[in-house]
Every structure is written in structure tokens, then in C-alpha cells.
2 protein chains.
Amino acid sequence: MKQSSSSAFRSGSDFEEAMASRVRSPDLASDMITKLRAAGLRPTRTRVALSSLLFAKGDRHVTAEMLFEEANQAEVSVSLATVYNTLHQFTEVGLLCQVAVDGSRAYFDTNNTKHHHFYIEDRHELIDISPTNMNVGKVPVPPDGYEIFRIDVVVRLRRK
Amino acid sequence: MKQSSSSAFRSGSDFEEAMASRVRSPDLASDMITKLRAAGLRPTRTRVALSSLLFAKGDRHVTAEMLFEEANQAEVSVSLATVYNTLHQFTEVGLLCQVAVDGSRAYFDTNNTKHHHFYIEDRHELIDISPTNMNVGKVPVPPDGYEIFRIDVVVRLRRK
DNA sequence: ATTTGTGCAAATCGTTTGCATCTGA
DNA sequence: TCAGATGCAAACGATTTGCACAAAT
């Protein structure tokens with residue numbers, strides 16, 4: 001899994017050092033570089049920094065605004081526009097998936113395996129539901145010419 | 001069910017005539033007046049006109065923009081803001097329900113019974129799925145202090 | 001060197017709000 | 001009469017885009 005950081009990029013570059021200084025663990029950065037390369041994205045500083053934030057702490061559900069604040073506080077300064085662009089790029093290559101629950105904001109989920117969600121409306125908070133704990137029964141046949149590519153289940157919660 | 005139109009509102013009013021002239025069938029208008037009154041909303045011209053459009057043709061999934069165009073073409077001129085307000089009022093009193101599938105637009109569904117949806121992404125189109133044809137299995141217990149008030153299932157479709 | 005990404009500000013889109021005016025009970 | 005609705009325009013928040021600059025291969 002983990003590999004020596006030098007294996008992930010060209011030697012003699014100060015890219016490695018620059019990257020390492022931006023995140024807590026140099027190993028994390030190199031993991032991210034590997035991950036980005038595997039996804040076909042060039043591992044730029046911004047992408048490495050953002051993916052480190054996103055993927056370091058297990059499953060997360062973030063809005064662009066949330067990630068933007070997090071990044072600007074602790075890491076490289078990024079513009080909000082770039083955060084949006086990056087989140088969409090990550091989504092396109094399958095590193096993230098987008099969850100439509102709120103209408104007003106877009107949530108991005110670092111868990112890209114099949115699963116569902118609780119949505120706590122008054123806290124604007126998402127919680128994963130493993131497909132083990134909840135599965136959808138029979139699904140009707142889609143209209144002609146179309147196929148199912150995803151099934152989203154949102155269990156909406158309110159304070160008792 | 002249906003009742004004579006004069007029974008629905010004060011006699012001597014030209015409200016009835018005005019309403020009747022705005023929709024194909026005066027009976028439809030009076031049905032709408034009844035429906036609105038039952039929901040605790042005053043049957044104003046705008047509300048009667050919009051509800052006639054919404055509820056005359058069976059189950060529909062509309063955006064504010066769609067209803068706005070429809071109304072302005074065929075009926076009383078309404079402002080887009082009023083369409084939004086009216087859709088929300090209808091939702092609050094349970095005549096409509098709001099479906100969050102697209103993130104960018106809000107859809108309003110005239111079917112307010114429990115059911116699910118196909119969502120055809122490339123056409124931005126919703127199709128009802130009766131709960132008879134699809135049901136969700138066991139649902140995990142919600143976190144403490146919260147209760148489930150709705151479960152949304154969206155089956156996303158793509159062209160084959 | 002060439003291609004690809006980034007920052008910024010301005011543009012856009014859907015939606016909401018404030019307020020003066022109108023209308024139904 | 002008078003609370004409640006409506007229209008309009010302006011305000012708004014989230015997201016996207018255009019373009020000059022910077023960085024990665």
C-alpha cells in the first residue's frame with residue numbers, strides 16, 4: 001500500500017519537499033500523488049493539498065465552502081473557484097461522489113462505494129448508511145433505452 | 001365531490017365568473033377553490049389558476065420556471081416570484097411535495113402520496129415509481145433524538 | 001516548450017425578500 | 001375595512017466562466 005515517497009515522482013525535484021511541507025505526513029502527500037496519478041490527474045500542489053484534506057480523515061461529506069475554509073486556514077491558499085473546479089474534477093474521475101439532498105448546496109462524499117444516507121435537515125448533516133444495513137428491494141425496469149447507473153436513498157430525519 | 005360552483009363562494013360576486021373564464025372548465029375552477037379552502041388557503045385568482053394548471057392533468061413534476069411559462073402563456077399573468085411563493089405555500093399545506101434530485105433546480109410533485117422516482121439525467125425528467133413496484137427494506141435506527149419523516153429514493157437513469 | 005491548472009473577478013442562475021399596491025372575506 | 005396576496009425589482013447565495021498568469025511534464 002504505502003510506498004517510499006521518492007518512488008512517486010521524479011528525483012531531484014523540489015516538488016516532493018514542497019508537497020511534504022504542506023501536509024502533516026509526507027506519506028500522506030505521496031499517497032495522494034499516487035492516488036491522483038492513478039485517477040489520471042496531474043498531482044499539482046492544489047490537488048494534493050485538497051485531496052489530503054479530503055481523504056486523510058476517513059469518510060467525509062463536504063460542501064465547496066467548507067473545504068475552501070479548511071484549506072485557507074490550514075493549507076495553501078486556494079480560491080473558491082478552484083475548490084469548485086477541483087471537486088468536480090475529482091467527481092468526474094470517481095474519487096468523489098456528489099449527493100443531492102439539500103437543493104441549495106452540493107455535498108461531495110469521499111465514500112465512493114455504494115451506500116446511502118441519513119440527512120439531518122436541521123443540522124445540514126449527512127451520515128453514511130452502509131448497504132449492509134439497508135437495501136432496496138426490487139427495482140422496476142427502466143424506460144426503453146435507459147439503464148440504471150445509480151440508486152440514491154436519502155432517509156430524512158427531524159428532531160423528535 | 002364536485003359541487004355547484006355557486007356554493008363555493010359568496011353569491012353576487014363576479015369572482016366566480018372571473019375564475020371560470022380563466023380555466024377550460026368552470027368545474028375545475030370550483031374544484032380547485034374547494035381544494036384550496038380545504039387546505040386552509042384563500043382561493044385567490046392566482047392560486048386557482050396555478051392549481052388548475054398543476055392538478056388538472058394528473059401527476060406532474062414541475063419547476064417554478066416551467067409553471068411560470070405555462071401560466072403566462074395560457075392564463076393570468078403571474079410574476080415568477082409569485083410562482084415560487086405559491087409553490088412553497090402549496091408545499092407547506094401538503095398539496096405538493098418537493099423533490100431534490102438535481103441540486104440546481106427544485107422540482108415540485110403533484111403526487112403527494114408516498115412514492116419514489118426515476119430521474120432521467122439527460123432530459124431532466126422525473127417519473128413516478130409507485131411504492132408497489134419498489135420498496136425499501138429494513139431501515140437502520142436513526143441517531144438519538146431524531147426520527148424519520150421521509151425516505152426518498154431516486155433511481156438515476158442514463159441512456160444505454 | 002507545450003500543455004494543463006490556477007486565481008481572480010465578473011457573470012450567471014435559481015431563488016428569496018422588501019415594499020408599495022391590490023384584493024378577497 | 002383590513003388582513004392577507006401579489007408584482008416588481010433588487011438582493012442573494014451558490015456555482016460557473018473568461019482570461020491572464022503560473023506550474024507541471
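Quantities reported herein were computed from a predicted structural model and do not represent experimental measurements. Every chain is numbered from 1 and lettered A, B, ... according to where its sequence line falls, protein lines coming before strand lines.
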Quiz item: Who passes ring pair (Phe, Tyr, Trp, His ring centres under 6.0 Å) against B/His116, sequence neighbours left out?
Solution: none

Exercise. Determine: side-chain N/O of B/Arg37 to OP1/OP2 of C/dA25, distance under 4.0 Å, yes or no.
Key: yes

Self-check item: ring pair (Phe, Tyr, Trp, His ring centres under 6.0 Å) involving B/Phe108 - partner list, sequence neighbours excluded
Solution: B/His88

Practice problem: Mind checking side-chain contact (heavy atoms from CB on, under 4.5 Å) for A/Val93 and listing every partner two or more places apart, or none if nothing turns up? | Solution: A/Ala39, A/Leu41, A/Leu95

Self-check item: Those residues that, when tested against B/Ser130, pass side-chain contact (heavy atoms from CB on, under 4.5 Å) (two or more places apart)
Solution: B/Thr132, B/Asn133

Quiz item: When the C1' atoms of the five terminal pairs at each end define the local axes, what inter-axis angle does the helix from C/dA1-D/dT25 to C/dA25-D/dT1 show, to 10 degrees?
Solution: 30°

Self-check item: For A/Ser77, side-chain contact (heavy atoms from CB on, under 4.5 Å) partners two or more places apart
Solution: A/Asn72

Polar atoms only, N or O, under 3.5 Å: list the protein pairs with nucleotides 12-15 of chain D and their distances.
unit_1, atom_1, unit_2, atom_2, d
D/dA14, OP1, A/Arg105, NH1, 3.1
D/dA14, O3', A/Ser104, O, 3.3
D/dT15, OP1, A/Ala106, N, 2.7
D/dT15, OP2, A/Tyr84, OH, 2.4
D/dT15, O5', A/Tyr84, OH, 3.2

Quiz item: For nucleotides 2-10 of chain C, read 5' to 3', which letter fits each nucleotide if B means a protein heavy atom sits under 4.0 Å from the base, S means only the sugar-phosphate is that close, and - means neither?
Solution: -BBSSBBB-

Quiz item: Who are the salt bridge (Lys or Arg N to Asp or Glu O under 4.0 Å) partners of B/Asp144, not counting sequence neighbours?
Solution: none

Quiz prompt | ILVMFWY cluster membership beyond A/Tyr119 - transitive side-chain contacts under 4.5 angstrom | solution = A/Val99, A/Val101, A/Tyr107, A/Leu126, A/Val154

Exercise. Nearest whole angstrom, please: distance from the C1' of C/dT15 to the CG of B/Leu67.
Key: 15 Å

Quiz item: Heavy-atom distance under 4.5 Å between the side chains of B/His117 and B/Asp128, does that happen here?
Solution: yes

Quiz item: Once you round it to whole Å, what is the distance between C1' of D/dG4 and CG of B/Leu36?
Solution: 14 Å

Quiz item: Can you list the residues that meet the side-chain contact (heavy atoms from CB on, under 4.5 Å) rule with A/Lys57, with sequence neighbours excluded?
Solution: A/Arg60, A/Glu70

Quiz prompt | Sequence neighbours excluded, every pair satisfying side-chain hydrogen bond (donor to acceptor under 3.5 Å, both in side chains) that has a member inside residues 151-160 of chain B | solution = A/Tyr146-B/Arg159, A/Asp152-B/Arg156, A/Arg156-B/Asp152, B/Glu121-B/Arg156, B/Asp122-B/Arg159, B/Arg150-B/Asp152

